[in-house]
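Notes follow the structure.
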Amino acid sequence: MEPIVLVHGGAGNVRDSRVPPKVAAVKVAAIRGYEVLERGGSAVDAVEEAVRTMEDDECMNSGHGSVLNSEGKVEMDSSIMNGATMDAGCVAVVRDIAHPVSLARMVMEKTPYVMLAGEGAMGFAKEMDVEMLPPGALVTDDAQKALEIYKQTGGVFYEIGETETVGEVG
Amino acid sequence: TVGAVALDFNGHIAAATSTGGLNGKHPGRVGDSPIIGSGTYARDDVGAVSATGHGETISKWCLAHSIITAMQRGADPQTATETSLNQMTDKLKETAGAICISKEGKVGIGMTTKRMSWAYRKGDELVYGIDKGKQEVENV
């Protein structure tokens with residue numbers, strides 16, 4: 001079987017200046033995920049590593065660099081699924097965690113549940129000794145500017161410097 | 001939003017998706033990314049999908065499951081991905097993108113948005129793109 005790792009960033013009306021960093025981010029993620037397979041890792045290991053790589057990249061809307069909610073806070077959602085067993089793990093409305101996808105994998109592998117959300121997910125993260133970042137550690141300047149523009153324009157989706165009114169939609 | 005699908009040397013498949021969601025969203029809002037069958041789905045006997053885009057729309061369409069179901073009925077991954085996305089956008093008037101691999105390692109990449117960054121490595125090839133219908137290839 002010839003292995004493959006395929007990754008994506010956000011779908012939307014990405015402005016031209018954001019194209020190079022976003023393309024660079026997905027290229028690195030695909031390579032990192034594939035390296036996991038070359039070292040004997042599983043498909044689950046590979047998708048986790050690829051997503052973790054993008055969660056660390058400020059130009060992607062996940063982990064560090066996530067967009068902000070109306071209160072200026074990062075709230076993240078993530079999921080992972082093992083096609084061999086159809087086991088799945090998901091987290092929703094989690095904060096101050098660098099890699100939500102790894103917490104989702106813990107839900108999949110260490111609980112009888114599919115999804116944990118909000119305070120319950122955060123409590124589970126503490127039980128799993130997941131590192132808690134200081135409040136606001138995942139908030140970037142770009143994300144703050146985007147929220148300011150969002151509020152000024154009355155709620156249209158907007159990227160920093162975008163001349164068009166629609167940015168990434170999710 | 002970011003996501004990944006993979007097929008390993010043993011023929012096993014997986015998918016994952018992660019997101020900060022919508023800019024300016026209401027606290028507590030949850031999109032499609034953590035919903036199995038909407039933002040993420042994987043079955044060894046069919047394939048795997050990760051989606052991105054307007055979360056409420058993807059959730060209502062059960063996009064990932066829709067693509068897998070089309071493949072299960074015989075569509076190739078590219079056709080399944082494009083068809084499901086186009087049907088969703090035609091019906092619900094919002095946009096999205098998705099990536100997909102089949103159990104044989106064939107690729108599907110689609111979007112009803114203007115752009116979605118994507119890349120895959122298979123063997124010594126790194127294939128990538130961001131504009132609809134365009135791709136580049138590098139040897140690694």
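So that the names make sense, note that chain A is the first sequence line, chain B the second, and so on, each numbered from 1.
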- Query: With a 4.5 angstrom heavy-atom cut-off, which part of A:Val28 approaches chain B: side chain, backbone, both or neither?
  - Reply: neither

- Message: Less than 4.5 Å to any heavy atom of chain A: does that hold for the side chain of B:Ile58, its backbone, both, or neither?
- Response: neither

- Distance-only polar pair, side chains of B:His12 and B:Asp44, donor-acceptor under 3.5 Å: yes

- Hey, are the side chains of A:Val91 and A:Asp77 touching, using non-hydrogen atoms and a 4.5 Å cut-off? no

- Query: With chain A, which of B:Ala98, B:Gly129, B:Gly105, B:Ala15 has the greatest number of heavy-atom pairs at distances under 4.5 Å?
  - Reply: B:Ala15

- What part of B:Tyr128 gets closer than 4.5 Å to chain A, counting heavy atoms only: side chain, backbone, both or neither? side chain

- Query: Can a donor-acceptor pair be found between the side chains of B:Thr19 and B:Thr1 at a distance below 3.5 Å?
  - Reply: yes

- Query: Are the charged groups of B:Arg121 and A:Glu35 less than 4.0 angstrom apart, N to O?
  - Reply: no

- Note on the structure: Within residues 76-93 of chain B, contacts to chain A at heavy-atom distances under 4.5 Å involve none

- Item | Neighbour count above 12 (heavy atom, 6.0 Å) for B:Phe9 CZ | yes

- Task: Could you check if a side-chain atom of A:Thr140 sits within less than 4.5 angstrom of a side-chain atom of A:His64, using non-hydrogen atoms only?
- Result: yes

- Contact part of A:Val74 toward chain B, heavy-atom cut-off under 4.5 Å: side chain, backbone, both or neither? neither

- Please determine, among A:Ile4, A:Val26, A:Val93, the option with the most heavy-atom pairs under 4.5 Å with chain B. A:Ile4

- Can B:Thr95 and B:Thr112 be counted as having a side-chain donor-acceptor contact under 3.5 angstrom? no

- Kindly say whether A:Ala11 contributes a backbone atom to a donor-acceptor pair with the side chain of B:Thr52 at under 3.5 angstrom? yes

- Query: Is a donor on one side and an acceptor on the other found under 3.5 Å between the side chain of A:Thr111 and the backbone of A:Val107?
  - Reply: yes

- Message: Only pairs of heavy atoms separated by less than 4.5 Å count here; which of B:Ala48, B:Pro27, B:Gly3 has the most with chain A?
- Response: B:Gly3

- Task: Between chain A and each of B:Ile99, B:Val127, B:Thr40, B:Ile36, count heavy-atom pairs under 4.5 Å; write down the option with the most.
- Result: B:Ile99

- Message: Show, in sequence, the C-alpha distance, side-chain angles and deciding distance for A:Asp56 and A:Arg32, and conclude whether the salt bridge (charged side-chain N to carboxylate O under 4.0 Å, His left out) test is met.
- Response: CA-CA 13 Å; A:Asp56 284 335; A:Arg32 294 261 178 87; over 6 Å; no

- The interface call for A:Glu49 against chain B, heavy-atom contacts under 4.5 Å, is neither

- For chain B, which of A:Val51, A:Asp45, A:Val114, A:Asn82 has the most heavy-atom pairs under 4.5 Å? A:Val51

- Message: Any side-chain to backbone donor/acceptor pair from A:Tyr34 onto B:Gly123? Under 3.5 Å, distance only.
- Response: yes

- chain A interface, residue from B:Ala4, B:Gly47, B:Gly11 that has the most non-hydrogen pairs under 4.5 Å: B:Ala4

- Measure B:Ala51 against the heavy atoms of chain A and call it side chain, backbone, both or neither at under 4.5 Å. backbone

- For chain A, which of B:Gly39, B:Gly97, B:Ser117 has the most heavy-atom pairs under 4.5 Å? B:Ser117

- Note on the structure: One option among A:Cys90, A:Ala92, A:Ala117, A:Pro100 has the most heavy-atom pairs under 4.5 Å with chain B, and it is A:Cys90

- Task: For each of A:Ala50, A:Ser42, A:Gly65, A:Ala46, tally heavy-atom pairs with chain B at distances under 4.5 Å, and name the one with the top tally.
- Result: A:Ser42

- Query: Taking A:Lys73, A:Arg105, A:Glu38 one by one, which has the highest count of heavy-atom pairs under 4.5 Å against chain B?
  - Reply: A:Glu38

- Message: Assess, by modelled atom type and distance only, whether the side chains of B:His54 and B:Thr57 contain a donor and an acceptor separated by less than 3.5 Å.
- Response: yes

- Query: Does any heavy atom of chain A fall under 4.5 Å from the side chain of B:Glu136, the backbone, both, or neither of them?
  - Reply: neither

- Reference residue B:Thr17; test side-chain hydrogen bond (donor to acceptor under 3.5 Å, both in side chains); the match among B:Ser50, B:Ser33, B:Ser38: B:Ser50

- Query: Quick one: of B:Ala6, B:Gly31, B:Pro34, who has the most non-hydrogen atom pairs under 4.5 Å with chain A?
  - Reply: B:Pro34

- Between B:Glu138 and A:Lys27, is a salt bridge (charged side-chain N to carboxylate O under 4.0 Å, His left out) present by the stated rule, with each step listed? CA-CA 10 Å; B:Glu138 287 179 11; A:Lys27 288 168 71 176; 2.8 Å; yes

- Tell me yes or no: between the side chains of A:Glu55 and A:Ser62, is some donor less than 3.5 Å from an acceptor? no

- Taking side chain as C-beta onward, heavy atoms only, is A:Asp16 less than 4.5 Å from B:Arg115? yes

- Is chain A contacted by the side chain of B:His26, its backbone, both, or neither, given a heavy-atom distance below 4.5 Å? backbone

- Specify which of A:Val94, A:Val36, A:Val19, A:Leu138 makes the most heavy-atom pairs with chain B at under 4.5 Å. A:Val19

